[in-house]
Number of protein chains: 2
Amino acid sequence: MCELLGMSANVPTDICFSFTGLMQRGGGTGPHRDGWGIAFYEGNGLRIFHDPAPSVESRIAQLISEYPIKSCTVISHIRQANVGKVCLENTHPFDRELWGKKWCYAHNGQLSAELFNWPLEHYFPVGTTDSEYAFCWLLDQIRKRFPEPPEITQLTAFIHQCCEQLRTLGVFNLLLSESRHLFTYCTTRLCWITRQSPFGEARLSDCDMAVNFEAVTTPDDIVTVIATDPLTNNETWSRLQTGEMVVFVDGKVLQRLHTAP
Amino acid sequence: MCELLGMSANVPTDICFSFTGLMQRGGGTGPHRDGWGIAFYEGNGLRIFHDPAPSVESRIAQLISEYPIKSCTVISHIRQANVGKVCLENTHPFDRELWGKKWCYAHNGQLSAELFNWPLEHYFPVGTTDSEYAFCWLLDQIRKRFPEPPEITQLTAFIHQCCEQLRTLGVFNLLLSESRHLFTYCTTRLCWITRQSPFGEARLSDCDMAVNFEAVTTPDDIVTVIATDPLTNNETWSRLQTGEMVVFVDGKVLQRLHTAP
């Protein structure tokens, strides 16, 4: 399985601390040696770093963990390959443009080969992973259903339906964004923590590192971090339920959708 | 005006030397302080680094000039803004997916505002530059004309026609690729040099640096570098004519198309 990391914040925030924890899982404390990637939105712009090399050895990963790129929406992924060989075009996050927005996506899990029979119209995969195929299928559905951008509640409900369809094929844990909204969907493992005033200290589980957020924030900052599993061992993370979608905006929960009982 | 840099090679080659020269023009020897970007193909995968900060001061640019990312097809751009503010979404190169390939594009020049009346169907700009709009229009034309990938000679002739249309709106110097082919088109300034055995020494115009390619190549290597203006001062570069398209593959000229007299 792979590791996902996302962030939604109300002020441009760097993700060095959480990324340092995640990086250890890329061949250090974890078995995820098959590449990694991280995407930062800055306004409508999207900056993605990809590396098919293990993150714990990656010169680019080293840069990211030291160089504070500030962003309100971040999506990151460390890969343990199951479907598709280890190469750049199979490295998450993936991106495509829809409605003049750059959509960015990372997936954790595995979907049955049946997926590759689902027809595509507008978006086609560059690599050979089930993950990228599912992304193309998902954006295809959104584009066909909404030629123009709809209200966010309509959009969320529709994306949730599509995720429920994908979940019939296997494990589908998702991070997805168009810059402002961070859509998260859980089949098996996804959790989040919202940090806001009064801030305290957080201590990484994967290496000996702590940060006192009080010292690096203002009282108005709200920052949510989403991860496959908790990245810190002295804070309480919330877990998404199976079939649940949570949409974050400006670091806050905007919408929660559960599977119909 | 901006600076373009491209490379086509028959073996994965790093571009550290040429990029070091180009970087100096981003606020060093040149006025192009409004961001820069570089795209590397690795197989079908595309890795793009973008930075709205001047390249000569950029930590990421520093990494690229030291860290030998090897690629057969590279497109790079340093920006001096004319249309569109300085921000990530206005930073070249731009990319979109067509036929399951990542297309990548950088433009030097300026097109009249008339361009923004040309209708778009499939691809829409994320930022506000004339350059990205022209890219969306160009890919729209290709997609409508060829729902499936055509023969390369057919494709080249069609892209050349589209470039000729764009040139009616102003200056359009182009670098474009889908990974294997590097399409170049010139209105005013674009030149190239092909380096192959026997290799010699090359000396940068923009800073005190030289490289002996004999020492870092094998006798079978063929590497073409394309740039707005020659990057070295001891080699003879070929200039593209106005209205000319040259397509490179594996470091060699595959096709040259001139404007009909």
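Quick note on labels: first sequence line is chain A, next is B, and so on, each numbered from 1.
Neither the backbone nor the side chain of L120(B) comes within less than 4.5 Å of any heavy atom in chain A.
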Looking only at N and O atoms, which donor-acceptor pairs between chain B and chain A are within less than 3.5 angstrom?
residue, atom, partner, partner atom, Å
G45(B), N, E89(A), OE1, 3.3
R47(B), NH1, H50(A), O, 2.2
H50(B), O, R47(A), NH1, 2.2
R59(B), NH2, E66(A), OE1, 3.1
E66(B), OE1, R59(A), NH2, 3.0
E89(B), OE1, G45(A), N, 3.3
D95(B), O, K102(A), NZ, 3.3
D95(B), OD1, K102(A), NZ, 2.9
R96(B), NE, E97(A), OE1, 2.9
E97(B), OE1, R96(A), NE, 2.9
E97(B), OE1, F124(A), N, 2.9
E97(B), OE2, F124(A), N, 3.3
K102(B), NZ, D95(A), O, 3.3
K102(B), NZ, D95(A), OD1, 2.9
H122(B), O, R143(A), NH2, 2.9
F124(B), N, E97(A), OE1, 3.0
F124(B), N, E97(A), OE2, 3.3
R143(B), NH2, H122(A), O, 3.0

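With sequence neighbours left out, F124(B) forms a ring pair (Phe, Tyr, Trp, His ring centres under 6.0 Å) with no residue at all.
To the nearest 0.5 angstrom, L88(B) atom CG is 7.5 Å from L46(A) atom CG.
Proximity of I60(A) to L63(B): side-chain heavy atoms (C-beta onward) are separated by under 4.5 Å at one or more points.
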